[in-house]
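In what follows, a structure is listed as structure tokens, so that the remarks can point back to it.
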Amino acid sequence: MKRSYLILFLFVIAKFVLQYVLISPEYELQRDEYLHIDQGYHLAWGYLSVPPVNSWVAWLIKILGGSVFWIRFFPALFGALTIVVVWKAIDELKGSLFAQILASLGLLLSVLLRLNMLFQPNSLEVLLWTLFFYILIKYIKTENVKWLYWGGIVFGFGILNKYNIAFLALGLIPALLLSGQRKIFKNKHLYWAGILTLIIILPNLLWQYQYNFPVVVHMKELSERQLVNVNRFDFLKSQILFFIGAAFVIIAGFYALLLYRPFEKFRFFFWGYVFTIGLFLFFKAKDYYAIGLYPIYIAFGAVYLGSLFENGWKKIFKPICILLPIILFLPLYAFAFPNKSPEYIASHPKWYQKMGLLRWEDGKDHAIPQDFADMQGWEELAQKVDREYSKLSKSGNTLVLCDNYGQAGAINYYSKLGIKAVSFNADYINWMDLHKKYNNLIRIKDYSSSGTELEETGPYFESGILAGSIKNPFAREYGTAIFSFKGAKININKRIQDEINEVINRY
């Protein structure tokens, strides 16, 4: 085995090890992960908020047993493959082994450790963006049309993974038009590759049409409820912090794309970044939407620095460059990951508070960071629902109806009784089984809206009680209530169907 491949293999192993050790066993899955896992049990060509590719991975996880190990494995795999693609891109750019090590360190010790912790479409998104850039480099170097078709395939699967990849194209098109590489638009194979992309995404387009394009409603709600609150200055600040250990490498990459002669034919990459970031700023996108841009620019920067420090006294900068990502990562290791127990964080809040990590969306400081609190209390909820479900089911079919997708997904994942909880939230509205008649209801209510549940729902049943609640003080869902209603006096199925129709009509 070549020495360079041995080193690459060690980086891949380090990536996997870090992804597992950075999460303390006290933490469960995060709320979004439960929804994505459940999508693997309901395969379709689309979902209300995401395209289908991640559900295929969820299906594979289900086949492998559905354990937390496999749920953690695939985001880590996508992160490791991102390092491999950047390594190969540096080969194409005639970079040195130093450049490959520097880039790999910059990627390994970065925001990708946080991103690759969670089973979401984001990890694969970064890999597909990076792979598309690599294919573009291969085409520019060789002008072999097969790379256009590979680009069409990767872009197609990128759309089926997350629609966000459209920003990549919208940024690259004007950048190419303004460069000498605009000749690509005269190549008929580019358009055949585009047709190939269209064929790949056609099933999802047909699904969107069938369901009246829920992606439009999702984007509208996202814009009104979340993106409207995005601060553009904070967006730009995050771009620096995402790859803080490799920020100097990215800056070197921008410089090289503008002024380094061997990169002259790749100059459009610089303007592609400018246009894409400009679009993100204009639409007030979330900061992490742009993460997929950076791995390839780290490759360009690492190649340039490797050339700059190749000879003479400048060689002394090589070990400094290697040490910087490590040194700058150490504070992140201490505070940015759920690698300490909630009890430890709560008893040592000083630095977490100084770094603003204890501030939640409600503007108040809490015992642990909000992201970590979203990984607490779920198994407790499922156990208590199981206990109540086993009692009620003796007297007839029992429906478990939740306020949000996190509650429904967590119950489905941890339940020992095979419960299929549902919700009017997210895709669960399409997964309700109303073919069997329900006699009983377990209602999971957010703490803030649980106060009047017995008075509002109780009259429709023979009996109703507050059966329990989440007691974990560190859980974001702390206080979430479990109501148990027995002996329906009305047709529950019809009532549920009416509410489903009401929600669907909003689309």
Short side-chain donor-acceptor distance under 3.5 Å, Gln407 and Asp446
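Distance-only check passes for Asp446 and Gln407.
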
Tell me whether the count of non-hydrogen atoms from other residues, nucleotides or ligands lying under 6.0 Å of [atom1] in [X] goes above 12.
X      : atom1 : value
Phe69  : CZ    : yes
Lys141 : NZ    : yes
Tyr478 : OH    : no
Tyr333 : OH    : no

Are the aromatic rings of [X] and [Y] close, with centres under 6.0 Å apart?
X      : Y      : value
Tyr428 : Trp431 : yes
Phe119 : Phe74  : no
Phe263 : Tyr304 : no
Tyr297 : Phe270 : no
Phe132 : Trp129 : no
Tyr288 : Phe242 : no
Tyr289 : Phe167 : no
Phe372 : Phe474 : no

Report yes or no: is the cationic atom of Lys340 (NZ for Lys, CZ for Arg) under 6.0 Å from the centre of the six-membered ring of Tyr352, at an angle within 45° of the ring normal?
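So Lys340 doesn't make the cation-pi contact.
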
Does a salt bridge link Glu380 with Lys384, judged by any charged N lying under 4.0 Å from a carboxylate O?
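Looking at Glu380 and Lys384, the cut-off is met.
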
Side-chain ion pair, Arg31 and Asp374, N-O less than 4.0 Å
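Yes, Arg31 and Asp374 are salt-bridged.
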
How close do Phe155 and Ala169 get, heavy atom to heavy atom, and via which atoms?
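That would be CZ-CB, 3.7 Å.
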
Using ring-ring contact (aromatic ring centres under 6.0 Å, His included) as the criterion, point out the one residue from Trp56, Trp207, Tyr211 that pairs with Trp45.
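One option only clears the test, and that one is Trp56.
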
Is the backbone of Asn122 close enough, under 3.5 Å, to the side chain of Gln120 for a donor and an acceptor to pair up by distance?
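Answer holds: no.
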
